[in-house]
Amino acid sequence: FQAEDGIRDVERSRGLGDVYKRQTLTIIDLLGRELKLLVDKDQAVGVHSILWDGRDRHGRKVSSGIYICRIEAVGSFGNFIQTRKMIFME
């Protein structure tokens, strides 16, 4: 994964009318620190893409390494949480 590659979020519908009210996508380091909140908004179920420029919330470049991408969605049919490991290379 490199900064220009982006992150794809795929969440399939669990039933008719299953639309999530709030979705967040957070980049976390291996010490559990939240580096950047990339998405925090209402979105429908589906395929979404976001680019991460490799910077933390203060605008500082992060170093190459392993990071965690956490996707959370709160909806009318329950909550969805998924974490993925990513290797970021400058």
Side-chain angles (χ1 to χ4, degrees):
F1 169 76
Q2 294 185 331
E4 62 272 8
D5 290 339
I7 300 166
R8 254 181 89 199
D9 166 19
V10 178
E11 173 57 11
R12 290 173 176 71
S13 178
R14 296 180 189 166
L16 189 60
D18 189 4
V19 177
Y20 287 105
K21 295 178 182 174
R22 176 61 54 181
Q23 293 186 8
T24 61
L25 191 150
T26 309
I27 304 297
I28 303 165
D29 68 13
L30 290 179
L31 296 176
R33 297 178 295 204
E34 292 187 1
L35 299 179
K36 181 110 180 203
L37 179 63
L38 293 177
V39 174
D40 185 12
K41 64 182 179 179
D42 293 347
Q43 291 190 138
V45 170
V47 177
H48 306 282
S49 296
I50 184 90
L51 289 177
W52 177 40
D53 61 3
R55 296 180 184 275
D56 67 12
R57 74 175 120 224
H58 303 292
R60 298 178 299 227
K61 281 192 165 191
V62 301
S63 57
S64 295
I66 299 173
Y67 294 91
I68 304 294
C69 173
R70 182 177 66 211
I71 301 166
E72 296 183 62
V74 177
S76 55
F77 291 95
N79 299 337
F80 170 83
I81 299 173
Q82 184 177 48
T83 57
R84 300 177 188 165
K85 285 185 191 176
M86 303 185 306
I87 299 175
F88 177 75
M89 297 170 41
E90 282 189 76

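Owing to the predicted nature of the structure, the values given are computational and were not obtained by experimental measurement. Note: hydrogens, waters and symmetry copies are ignored here, and every other heavy atom, side chains too, is used.
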Enumerate the residue pairs fulfilling side chain to side chain donor-acceptor pair (under 3.5 Å) with a member in residues 57-66, sequence neighbours excluded, ordered by first and then second residue. Asp56-Arg60
Lys41 versus Arg22: any side-chain heavy-atom pair under 4.5 Å? yes
Are Ile27 and Leu37 connected, step by step, through hydrophobic side chains (Ile, Leu, Val, Met, Phe, Trp, Tyr) whose heavy atoms are closer than 4.5 Å? no
Going by the rule side-chain contact (heavy atoms from CB on, under 4.5 Å), which residues pair with Asp29 if we only count those two or more places apart in sequence or in a different chain? Leu31, Arg33, Leu35, Tyr67
CD1 (Ile71) and CG (Leu25) are apart, to the nearest 0.5 Å, by 5.0 Å
Among residues at least two apart in sequence or on other chains, which ones pass side-chain hydrogen bond (donor to acceptor under 3.5 Å, both in side chains) with Arg70? Glu34, Glu72
Partners meeting side-chain contact (heavy atoms from CB on, under 4.5 Å) with Ile68 (sequence neighbours left out): Ile28, Leu30, Thr83, Lys85
Show your working on side-chain contact (heavy atoms from CB on, under 4.5 Å) between Gln43 and Thr24 and close with a plain yes or no. CA-CA 10 Å; Gln43 291 190 138; Thr24 61; over 6 Å; no
